[in-house]
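When a residue number appears, it is its place in the shown sequence, counting from 1.
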Amino acid sequence: MERTYIMVKPDGVQRGLVGEIIKRFEAKGFKLVALKLTAPGKAHLEKHYADLKEKKFFPGLIQYMTSGPVVAMVWAGKGVVKSGRVLLGETNPLASLPGTIRGDFAIDIGRNICHGSDSVESAEHEIALWFPEGVQAFDRAVDAWIYE
C-alpha cells in the first residue's frame, strides 16, 4: 500500500482541528500508521521545506512553523497521496472547494491548516525525516470492506 505524510500545521493544532482531519482520512478508509505531536526546530523544518529555500516567503514560513506544535502523521492506502491532497484541497484555501479541509477551515495561504506530500517519492522522503523510528505495520479487519 502507498503511504503519505500529512502534517497538521500550528494553526490547525491551535484551532483544535486535529480530530476533524483524522476523522476525514479515517472516513475515507485510509489507515493511520504513525502519529505524533511534535515541536520541530528550525533545522528540521529547513530540511522539510528545502525545496522552498530560495522563495521570498521562506523565513516567514519557518518562523510560523516553529510557532507551535504540529501533528505529524503517516497514512496508508490505495492512492493515498493523490486522494490525501484532494481531501486537503488547494494550497490556496480561497481556491479550495467546500468539503475539503482547507475549503472548510482556512482562508489565508499562509495559514492553510495542513501539509500533504505531493508525490510517492516526496512522501517516502518526508516519512523518513519525520519518523526515523519507523511506522506501525498491522492488519485491519475492515480492509476487506474497503478494498476489493
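Contact between A106 and I113 at its shortest, heavy atoms only, is CB-CG1, 3.7 Å. Closest approach of S96 to E90, counting heavy atoms only: OG-N, 2.8 Å. When all heavy atoms of T66 and G41 are compared, the closest pair comes out as CG2-C, 4.1 Å.
Interatomic distance, S119 OG to K82 NZ, rounded to the nearest 0.5 Å: 13.5 Å.
Ring orientation note: the planes of H115 and H48 are nearly perpendicular, at an angle over 60° on the 30°/60° scale.
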E2 and K78: CA distance, side-chain angles, deciding distance, salt bridge (charged side-chain N to carboxylate O under 4.0 Å, His left out) verdict
CA-CA 6 Å; E2 191 174 286; K78 185 177 181 182; over 6 Å; no
Should L88 and I6 be marked as a side chain to side chain contact (heavy atoms under 4.5 Å, CB included) after you check the CA-CA gap, both sets of side-chain angles, and the distance that decides it?
CA-CA 9 Å; L88 294 181; I6 301 294; 4.2 Å; yes
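With respect to the salt-bridge test (charged N to carboxylate O, under 4.0 angstrom), the residues R102 and D108 do not qualify. Salt bridge annotation for E133-K36: present, with a cationic side-chain nitrogen under 4.0 angstrom from a carboxylate oxygen.
I146 is listed as a side-chain neighbour of R140, based on a closest heavy-atom distance under 4.5 Å. Residues D11 and F105 have side chains not in contact (no heavy-atom distance under 4.5 Å, counting atoms from C-beta outward).
Other residues sharing a hydrophobic cluster with M65 under the 4.5 Å side-chain heavy-atom criterion for ILVMFWY residues are Y5, M7, V33, L45, Y49, L52, F57, F58, L61, I62, Y64, V70, V74, I127, L129, W130, F131, V135, F138.
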